[in-house]
Asker: 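Sharing a structure, written as structure tokens. Questions coming.
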Amino acid sequence: MTTITVNEELKAYIDPLTSDEYAALERSLLAEGCRDALVLWGDLLIDGHNRYGICQKHGIAFNTRQNETFKSMDDVHLWMIDNHLGRRSVSDFQRGVLALRKKEILSARVAQVKETAPADTDSAAETGAASAAEPPLKRDVIAKEARISSVTLGQIEKIQKTATPELVHAVKTGVVSINAAAAISSLPEEKQKEAVAGGKKELRQAARQVREAKMPPKPEPVPPPADATPDQITIHKLNLKIAELNEERDQLKKKVQHLTIALAEARGAQ
């Protein structure tokens, strides 16, 4: 019988299934058996941790297959990321987190190659080979592979760096959108926690306040001359109203432009 070793860190590398997802998988395995083989690297379990646990629990037979392409744990992580990104059920936030992990691994590899490269490697052929080996690490490329927009990926990166665990959990569970969470993550930790504790309404309000605070202050209206006639005062008020409407129009144009870019990127990532 094949010996299988479960590495807890590797098992936790991908977000665990929700209780509903786990229950659905368990029902499927009980009804249809374990149709997909568990993936091993030697005796180390790489893919199928939930299936393995359920099969062990209920005595369900399963098959295994070896992946002999791995040379390091980074290879394993990259395979796990790509394998998970290929699934439809993965949320946009999860996709962004995985994409950023992939970027980090690939960036470290590029840095290592540059560090270990000979100092006198200046020939055109060797330079070309080094460039060819360097993976595409631009945000839009990584985002496209993850099937999200580069704007969304940037927001997720900000959330990871500055959001409290409570706010991250709220994003993961769908209580707050990625866009709103990115705005709220600019607040001090206590303010973030208060917003999460207040629920959806408080989170929306906090995000709106952050966005409004970033908007440039409106210039104070210039009063009409002291000796202005009633007609001049009326014209002055109309001019102020026109200026206000023009400002609103410009703000709406910016929002439409931002949404158009995000939509185009999202379509291109599909």
Asker: Which heavy atom in Ala183 sits nearest to a heavy atom in Val210, and how many Å separate them?
Answerer: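 Minimum heavy-atom separation between Ala183 and Val210: O-CG1, 3.4 Å.
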Asker: Verify the cluster assignment for Leu25 and Ile14: are they in a single hydrophobic cluster under the rule of side-chain heavy atoms below 4.5 Å apart?
Answerer: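 No, separate clusters.
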Asker: Might you point out which heavy atoms bring Val97 and Ile156 nearest each other, and give the distance in Å?
Answerer: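 Result for this residue pair: N-CG2, 4.0 Å.
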Asker: Is the backbone of Ala182 close enough, under 3.5 Å, to the side chain of Ser185 for a donor and an acceptor to pair up by distance?
Answerer: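 Side chain of Ser185 to backbone of Ala182: a pair is present.
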Asker: Please check if the number of heavy atoms outside Arg87 that lie under 6.0 Å from its CZ is greater than 12.
Answerer: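 Yes, because the 6.0 Å sphere around CZ of Arg87 holds more than 12 heavy atoms from other groups.
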Asker: Is Leu40 close to Asp47 at the side-chain level, that is, under 4.5 Å between some pair of heavy atoms?
Answerer: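 No, side chains not in contact.
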Asker: Would you indicate whether the side-chain heavy atoms of Arg208 and Gln205 approach each other to under 4.5 Å?
Answerer: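 Yes - at least one pair of side-chain heavy atoms lies under 4.5 Å apart.
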Asker: Between the main-chain N or O of Leu85 and the side-chain N or O of Arg95, is there a donor-acceptor pair closer than 3.5 Å?
Answerer: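 Flag set: sc Arg95 to bb Leu85 pair under 3.5 Å.
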Asker: With a cut-off of 6.0 Å (strictly less than), are more than 12 heavy atoms of other residues, nucleotides or ligands near CD of Glu166?
Answerer: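 Buried by this count: over 12 neighbours within 6.0 Å.
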Asker: Go through the steps to decide whether Arg109 and Val113 satisfy the test side-chain contact (heavy atoms from CB on, under 4.5 Å), and finish with yes or no.
Answerer: CA-CA 6 Å; Arg109 284 189 170 181; Val113 168; 5.5 Å; no
Asker: Hey, what do you get for CD1 (Ile46) to CG (Leu44), rounding to the nearest 0.5 Å?
Answerer: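 It comes to 4.0 Å.
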Asker: What distance separates Leu29 CG from Tyr52 OH, expressed to the nearest 0.5 Å?
Answerer: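 OH of Tyr52 is found 14.0 Å from CG of Leu29.
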Asker: Is it true that a side-chain atom of Gln192 and a backbone atom of Thr164 form a donor plus acceptor pair closer than 3.5 Å?
Answerer: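 Judged by distance alone, yes, a pair lies under 3.5 Å.
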Asker: State which residues pass ring pair (Phe, Tyr, Trp, His ring centres under 6.0 Å) with His77; sequence neighbours excluded, sorted by chain then number.
Answerer: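 Here the qualifying residues are Tyr13.
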Asker: Answer with yes or no whether the hydrophobic clustering places Met80 together with Leu17; edges join I, L, V, M, F, W, Y residues whose side-chain heavy atoms lie under 4.5 Å apart.
Answerer: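 Not linked; separate clusters.
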Asker: Would you call Asp74-Arg101 a salt bridge at under 4.0 Å N-O?
Answerer: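 Result for this pair is no, no salt bridge flagged.
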Asker: Is there a side-chain contact between Arg27 and Tyr22 (heavy atoms, below 4.5 Å)?
Answerer: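 They are not in side-chain contact.
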Asker: Can you give me the closest heavy-atom contact between Leu153 and Gly96, atom names plus distance?
Answerer: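 Smallest heavy-atom distance, with atoms named: CD1-O, 3.6 Å.
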Asker: When you check the gap from the basic side-chain N to the acidic O, do Lys102 and Asp82 get nearer than 4.0 Å?
Answerer: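 Between Asp82 and Lys102 there is a salt bridge, with a charged N closer than 4.0 Å to a carboxylate O.
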Asker: Are a donor atom and an acceptor atom from the side chains of Thr3 and Asp43 found within less than 3.5 Å of each other?
Answerer: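 Distance-only check fails for Thr3 and Asp43.
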Asker: Would you check if there is a donor-acceptor pair between the side chains of Asn67 and Thr69 at a distance under 3.5 Å?
Answerer: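 Yes, because at least one side-chain N or O of Thr69 sits under 3.5 Å from a partner of the opposite role on Asn67.
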Asker: Decide yes or no for Glu157 and Arg139: does some side-chain heavy atom of the first lie under 4.5 Å from some side-chain heavy atom of the second?
Answerer: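 Side-chain contact under 4.5 Å: yes.
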Asker: Calculate, to the nearest 0.5 Å, the distance between atoms NE2 and CG belonging to His84 and Asp15 respectively.
Answerer: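 Here the interatomic distance stands at 7.0 Å.
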Asker: If you define the side chain from C-beta out and look only at heavy atoms, does anything of Val141 sit under 4.5 Å from Lys144?
Answerer: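 Not in contact.
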Asker: Check step by step if side-chain contact (heavy atoms from CB on, under 4.5 Å) holds for Met73 and Leu10.
Answerer: CA-CA 9 Å; Met73 192 56 73; Leu10 199 61; 3.9 Å; yes
Asker: Report whether Ile159 and Val90 are members of the same hydrophobic cluster (ILVMFWY, side-chain heavy atoms less than 4.5 Å apart, transitive linking).
Answerer: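 Looking at the clustering, Val90 is in a separate group from Ile159.
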Asker: Please assess Lys237 against Lys241 for the test side-chain contact (heavy atoms from CB on, under 4.5 Å), listing each intermediate value before the final yes or no.
Answerer: CA-CA 6 Å; Lys237 288 180 179 178; Lys241 186 63 178 177; over 6 Å; no
Asker: Any non-hydrogen side-chain atom of His49 less than 4.5 Å from a side-chain atom of Asn7?
Answerer: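 A side-chain contact is absent here, since even the closest heavy-atom pair is not under 4.5 Å.
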Asker: For the pair Gln232 (side chain) and Thr229 (backbone), establish whether a donor and an acceptor sit closer than 3.5 Å, ignoring hydrogens and angles.
Answerer: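 Answer holds: yes.
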Asker: Would you say that more than 12 heavy atoms from the other residues, nucleotides or ligands in this model lie under 6.0 Å from the CD of Glu189, or not?
Answerer: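 Check fails, neighbour count at 12 or below.
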Asker: Does the side chain of Leu187 come within less than 4.5 Å of Ile184's, by heavy atoms?
Answerer: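 A side-chain contact exists here, since the closest heavy-atom pair is under 4.5 Å.
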Asker: If you take all heavy atoms of Val171 and Ala181, which pair is closest and at what distance?
Answerer: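 Looks like CG2-CB, 3.3 Å.
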Asker: Taking the side chain as every heavy atom from C-beta outward, state whether Asn63 and Asp36 have any atom pair closer than 4.5 Å.
Answerer: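 With C-beta onward as the side chain, the pair stays apart.
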Asker: Let me confirm one number: the NZ-OG1 distance from Lys172 to Thr18, rounded to the nearest 0.5 Å.
Answerer: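 Reported to 0.5 Å precision, the distance equals 13.0 Å.
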Asker: I'd like to know if the side chain of Lys158 pairs up with that of Ser186 as donor and acceptor (distance under 3.5 Å, no hydrogens or angles considered).
Answerer: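 Side-chain D/A pair, Lys158 to Ser186: present.
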Asker: For Gln112, does its backbone N or O pair with a side-chain atom of Thr116 as donor and acceptor, under 3.5 Å?
Answerer: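 Answer holds: yes.
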Asker: Of all residues at least two apart in sequence or in a different chain, which pass the side-chain contact (heavy atoms from CB on, under 4.5 Å) check with His58?
Answerer: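 side-chain contact (heavy atoms from CB on, under 4.5 Å) list for His58, sorted by chain: Glu26, Leu30, Ile54, Ile60.
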Asker: Using the side-chain contact (heavy atoms from CB on, under 4.5 Å) rule, take Thr152 and Phe93 through it: C-alpha gap first, then chi angles, then the decisive distance, then the call.
Answerer: CA-CA 8 Å; Thr152 299; Phe93 185 77; over 6 Å; no
Asker: Check whether any side-chain N or O of Asp75 sits under 3.5 Å from a backbone N or O of Lys71 as a donor-acceptor pair, and report yes or no.
Answerer: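 Present.
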Asker: Rounded to the nearest 0.5 Å, what's the gap from OG on Ser91 to CD1 on Ile178? Could you check?
Answerer: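 Result: 7.0 Å between the selected atoms.
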Asker: Roughly how far, to the nearest 0.5 Å, is CH2 of Trp41 from OG1 of Thr5?
Answerer: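 The CH2 atom of Trp41 is 12.5 Å from OG1 of Thr5, to the nearest 0.5 Å.
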Asker: Has the side chain of Ser107 got a donor or acceptor atom that lies under 3.5 Å from a matching backbone atom of Lys103?
Answerer: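 Looks like yes, one N/O pair under 3.5 Å.
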